[in-house]
> 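This is the structure, below, for whatever I ask next.
Throughout, numbering of the chain's residues begins at 1 and tracks the sequence. Counting convention: from 1, in listed order, for ligands and their atoms alike. These numbers come from the heavy atoms of this one structure, side chains and all, not from hydrogens, waters or symmetry mates.
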Amino acid sequence: MKNDSGKTISIWMTTAEVPDQPVLAENLQADVCVVGAGIAGMTTAYMLSREGKSVVVLDDGPIGGGQTSRTTAHLSHVLSHYYYELEEIHGKDLTRQIAESHTKAIDTIQAIASRENIDCDFERLDGYLFPPDTESLDELQKELAAAHRAGLTDVELVNKAPIDGFNTGSCLHFPHQGQFDPLKYLTGLAAAIQGYGGRIYTGTHVQKITGGQPARVETSNGQVVTADAVVVATNSPISNLATMHFKQAAYITFVIGAKIPRGSLTKALYWDTLDPYHYVRLQHLDEEHDLLIVGGEDHKTGQANDADSRYVRLEVWTRERFSQVGEIEFRWSGQVMNADDGIAYIGKNPFDEDNIYIATGDTGLGMTHGTIAGILLNDMILGRKNTWAEVYDPSRARLSATGDFISENINVATQYLDWVTPGEVDSVDKVSPGTGAVVRQGLTKVAAYRDENGILHEHSAVCPHLKCIVAWNSSEATWDCPCHGSRFDAQGKVINGPAIDGLAPVHSKSTV
Ligand code: FES
């Protein structure tokens, strides 16, 4: 598939034939306009079109071309926060609903794949959460009790995870998790949406979203979609200037895919409990090999540029635990939006008209949170009561999460110091072909990228969202904003919100 979300290639980009869709070339009217063709947008569009609503989906990249193509596609109710932590933040009742909703999301993916005959490698399998040496058995027992209180009564403490040659020690066993190929799934969803009369347009950049009767979605080419409701499912909402972006933080997470002999490891989902944690699964590669997919080594978006050493640390961690690991076949990264209280924000966009809905804050559980978004937003738009609405309400402010809220926003505030620091190099002449660097020019800074042919492309380094200074990501050849996770390709085109516009060009091209 066409990959415009970064330079690296995930396994899913090589396994799925995602169909091209037309660019929107006319004004349209629909019951619902969905902006974003990732897991959340496509699931919502599927649910609504199946219920007879007319739906238009718009995306400026291909279907699944954003972070859905960069997930490891764990389907689980094991979240990035412990259940006892979720209880402290959300209370026991809502925590039960969090567990229930993720369980339901896995069931829903399985049901949709079956109903629509989507061959997406969906499988049920066990999950194992194991602690590093430093963590006590007490911690696991505390989590086991909380998981049971959350309704996950089949979770059990076992002596070790089924990894030959590596003793994880005691760990928690979560039965009945799942995994799939996310792009094969979206390919099937696209066909199903179109079968129910839905319309999908890619290569179509949304420039402006306005609520009201009707809501309006305007594209950069001048077309307008009018609709009774708009769902903004763009990883980070482009319809919301500030409110949501103070409640979540963008992180880059890294993944390697290593060849191992087929059948040499029990197929399961594995996680450790480090911070950041490691996450592991298998994917069929060929007759003789599986691919061992291992992720972790997260850092805040735009606040480090050392992917090579992170990939090395991932490989070392992997080889220490899985002795059968052969060649590393894949290295890729993706962006996650971590909500300050550990679960996604799904529902009406705060301080907006009543008919603008958002889904964001995947918090590392993008596939299940995206599916929950489909279920919940479908009910909300159809006027049906859904008890998850309170759980995932984007307007919520859970007091116990204020510590994370404050520390993340202090971190954002310090990023504005980049306005007064020197550039990464003192002249664009020092930017080598195929690389980029931020260069000071007078009172401002320039994002200078020199392509492989030696042609220099200069853009303002000022992020059009709320004016932080972007940083070069050499692994993905992107400009990443350290404040709220906007990302731009090497030539300044926006590829991830909340920014709607690209980096402003400042010069004509020049060569060395
Ligand atoms: Fe908010 Fe860049 S993403 S300032």
> So that I know where these two stand, are H459 and F488 an aromatic pair - ring centroids less than 6.0 Å apart?
no

> Tell me how many protein N, O or S atoms are closer than 2.8 Å to atom 1 (Fe) of ligand 1.
2

> For T478, what residues pass the side chain to side chain contact (heavy atoms under 4.5 Å, CB included) criterion, not counting sequence neighbours?
N473, E476, D480, R487, I495

> Under the rule for salt bridge (Lys or Arg N to Asp or Glu O under 4.0 Å), what residues qualify as partners of R281, not counting sequence neighbours?
none

> Scan F330, Y311, W317 and name whichever one has a ring-ring contact (aromatic ring centres under 6.0 Å, His included) with F254.
Y311

> Are the side chain of D306 and the backbone of S309 linked by a donor-acceptor contact shorter than 3.5 Å?
no

> Run the side chain to side chain contact (heavy atoms under 4.5 Å, CB included) test against P19 and tell me which residues pass, sequence neighbours left out.
Q21, T187

